[in-house]
Every structure is written in structure tokens, then in C-alpha cells.
There are 2 protein chains.
Amino acid sequence: MTQPKADPRVLRTRKLIMDSFIELSGKQEFKDITVKDITTEANINRATFYYHFEDIYDLLDKALSEVLSVNLNAIDFEKSELNETSITHIFVAVTDFQRALSSRCHRGYDETIARIIREQLEIIFYRMLRQQHATEEYEPHKMTAVILSWGIYGASVEWRRDRMESLPEQYIKSAIPFLMSGIEPLAQGRIS
Amino acid sequence: MTQPKADPRVLRTRKLIMDSFIELSGKQEFKDITVKDITTEANINRATFYYHFEDIYDLLDKALSEVLSVNLNAIDFEKSELNETSITHIFVAVTDFQRALSSRCHRGYDETIARIIREQLEIIFYRMLRQQHATEEYEPHKMTAVILSWGIYGASVEWRRDRMESLPEQYIKSAIPFLMSGIEPLAQGRIS
DNA sequence: TTCCATTTGTCGGATAGACAACACATTGAT
DNA sequence: ATCAATGTGTTGTCTATCCGACAAATGGAA
């Protein structure tokens, strides 16, 4: 969408910064990581950091988006459609992501992380819906994507609150009938 | 010695180029590797290659020197002196290096490789000798380093010609008495 | 041989990144 | 409260790298 150019230098430098940040995140808490730490680890100048990112929160935002995006793209949603299999994969990817984060001590940034997850989910849901119904209008798909992203994210929160007693694959299974067929079939008892 | 500056960009790019070259060397013969191949693998511009290296032979030279130098520095010769142990280590490093090269197909460049090995050996022998006899003159050490570098390299060639029947550690052992004490003690039977 | 494609080495203009210096918080120890 | 130390964000200058283009060399196929 927004790739007018792709200077190898900026790709390299952005990757360096993000990798260094993720590396440091495994060693110390987010609040203890300074811009200097990151740029030292990445062997770049501190001023260069500010050339690419507003501040360290901007980096947190983009780095987590990147990680989650890679996880989600592993499903190669471009080719697959929105069905039981892909929804399950996506839900598992979200719970995996949150589990990875909880062991990496980004406490106090739950709301930021929640927003990032929902944004990424909305993006891929929207893409998949558009692809699946190429001829129809786009506007309704936007709304569907919003609801799906909040719904799936909420389900992951509930799953965590239930102390992760069941496997994510099992947990999301009961939501599939509604997600696929909506409310009516449920009320009419058409779905088991 | 010659480090006026150390721009991180230069270090990064040189390492990228060398690593890509060594990577490609494992897949295809040297004569089939083009500058374009290397810069593509390294994700840098082709013009940047010529900013750092005269041509691909200059790269071969510096890359091999670098690899050998790393092998040799693992002995941390700066701290150790020239004795049976360090000489054995150095000889083993040389034979290891040649074995690694023979499996990487740099055929037709034996003379280049031989020169590189001797140059590196001469450098470290000279450093060790100067450090070991800090108060004396430097000139005789230069000559000693030259002879040692040719001698040790020659020994490694002979070892290869003998089809590597014995371990390098064993092979070089018989040279230690002469190297340490010179000709006279041998003639006088002072050394077993 | 001629033709065609690829590689090589070099150039000039544009830009990302390095570096030093700066003012301004924030923190912590005395 | 004060001072020193450290982190933040910005600016200006200089340089390494990018990119496109070029002529010359190389090499293989017709």
C-alpha cells in the first residue's frame, strides 16, 4: 500500500533497531531500556534512531506489530479464505503472541499491546474479506473486520483469564458456528 | 596500527560483503562468482563494492586474510610467547585453514593463498618476537619472522603432500627442537 | 568472424546515516 | 535544596551508500 521506495539502507537499519530491541526485551524490562541501549546494541548512531522512530514507544508499537504480523503472515492468509481452519490458526497465533510477551515483561503496556493486536487483526480480516467477496462493496467488510478483531482479541483475553486451562484450538472451537453463520442459525437450532 | 577512524557503516558493509562472499564460496567455484552475485547476496549496491575493494581478487585476498587472522587470533598470541605450545597451535591453525579451503574449491589460486598465509604468519611471528624481546632491536626479528613464516608454511605443504597421514600436532613436533634452539644444539647432540 | 548478452569498473547526483554539540528533563546522592 | 550524572530530543555538517547510466571488456552462440 505505502511503499513508494525501498532503500536497502533503511530496511537494514530498521531491522537492526527492531532486532536489537527485541533482543534487549528478553534481558530487561521495557521501562529499563533506553534509546542509548538500543542504538549501542544495534551499532547505529542515536540520532539515526530518531530518524526512523518518534520515540521508544513508537518503536515498541512498530516492533510488536512487526512480530505479530510475521506470526500471522505465516498462515499466508493471502491465499486462504476465512473459515474454521484459518480462524483457528489466527486465534492460536494471537495466544502464542501474548504468551511470548508475558514472558518478556512488557508489564504496564497492556492497553498498547491490545491495540496493536486488534489493529493487526483488523487489517488481515479486512484483506481476507475483500479477497473472498471481491465483487461486493467494501464498506460492510470494514465493519465486519472491526467486530471480528475485537471479538477474537476478547476471546483471547477470556482464554487467558480462564488460566489457559484448555488448548486455544479447543477454546475457539465453540465460537466457530456463530462466526461462520451468525446469530439466526443458532436461534433456529440449525447448528449443533 | 592503521585505524584512524571506524565508521560503523564501513564495518557493517565490509562484514556483509565478506560474509556473503564466504557464503557463496561454499556453493560455487571462485571463478563463477561475480561481483553482482556478492552484492545481491549482501543486499548492497554494486558501486559500494568498488568503494571498499579494488576488484574481486582484492576481496579474495582480504577475506581469506580475515578468516585466517581470526583463526590465528583465537590463540591470543598477544599474551602467549613463542614456544612449543604456541607454535603447535599456529601450525594446526594453518592446516585447519587449508583443509577448510580445499573443501571450498578455490582451485587455481594456490599461489595467492600461499602468499596470504605467509603474510599473516609473518605478521604474528614478528609481533610475538618483538613482545618477547622488547628491549632488543627490531631488524633481526623481521628476518626471523620471514624465515619462520616460510618454514611453517612449507611444513604445512609437506604435511599435505604426505596425505595427512599423521596429526598436525604430531607432525610439527619433530621441528620444535630446531625451531627453539637452532642448529648448533642438534649438531652437538644436546637435544634428544 | 559477427552478434548479443553479461560483466566490469567508473561517474555524478541524491539521500541515509555518523558524529558532535546543544538545551532540556529526570534521577539520585550528598 | 543542590549538584552531578544520565537520558531525551533536535540541529548542522560531513560522509557512506544508493541509483542510474555509461563505455569497455568478456564470452558464448549463430
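Proteins come first, then strands; the chains are lettered A, B, ... in the order of their sequence lines, and each starts at number 1.
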Taken to the nearest whole Å, NZ/Lys31(A) to C1'/dT26(C) is 15 Å
From CD of Glu54(B) across to C1' of dG9(C) the rounded distance in Å is 11 Å
Check: In terms of side-chain geometry, is the basic nitrogen of Glu119(A) or Arg115(A) positioned less than 4.0 Å from the acidic oxygen of its partner?
Finding: yes
Mind checking if Ile56(B) touches a base, just sugar-phosphate, or nothing, with heavy atoms under 4.0 Å?
nothing
Between the CZ atom in Phe97(A) and the CD1 atom in Ile113(A), the distance rounded to the nearest 0.5 Å is 6.5 Å
Here the distance between atom C1' of dT15(D) and atom CG of Leu11(B), to the nearest Å, is 14 Å
The nucleotide from dG9(C), dT17(D), dG9(D) with an atom nearest the side chain of Asp55(A) is dG9(D)
Notebook entry, point to check: Okay, side chain of Gln132(A), backbone of Leu82(A): is any donor-acceptor separation there less than 3.5 Å?
Noted result: yes
When you measure from the centre of the six-membered ring of Tyr126(B), is the NZ or CZ of Arg130(B) under 6.0 Å away and within 45° of the axis?
yes
Comparing Arg12(A) with Tyr50(A), nearest DNA chain D nucleotide closer to 5' gives the residue Tyr50(A)
Taken to the nearest whole Å, CZ/Phe49(A) to P/dG9(D) is 8 Å
The residue, Thr48(B) or Val35(A), whose nearest nucleotide of DNA chain D is more 5′ is Val35(A)
Looking only at dC19(D), dT8(C), dG7(D), the nucleotide nearest the Thr34(A) side chain is dG7(D)
*Checking all strands, does Arg14(B) fall into the base, sugar-phosphate, or nothing category for heavy-atom contacts under 4.0 angstrom?*
nothing
In whole angstroms, the gap separating C1' of dT27(C) from NZ of Lys36(A) amounts to 18 Å
Whether the side chain of Arg9(B) and the base of dT17(D) hold a donor-acceptor pair under 3.5 Å is what I'd like checked. no
Atom OH of Tyr57(A) and atom C1' of dG9(D) are separated, to the nearest Å, by 14 Å
Q. Across the strands shown, which category fits Asn43(A) at heavy-atom distances under 4.0 angstrom: base, sugar-phosphate, nothing?
A. sugar-phosphate
Against the side chain of Ala47(B), the closest entry in dC19(D), dA16(C), dA21(D) is dC19(D)
#### Entry: Phosphate OP1/OP2 of dA16(C): any His52(A) side-chain N/O under 4.0 Å
no
- Can you tell me if the side-chain N/O atoms of Tyr51(A) get under 4.0 Å from OP1 or OP2 in dG17(C)? no
Separation of dT15(D) atom P from Asn45(A) atom CG, nearest Å, is 15 Å
When rounded to whole Å, the CG to P distance for the pair Asp7(A) and dG20(D) reads 11 Å
Side-chain atoms of Arg46(A) come closest, of dC19(C), dT10(D), dC19(D), to dT10(D)
Check Lys173(B) with Glu169(B), please: is the shortest side-chain N to carboxylate O separation under 4.0 Å? no
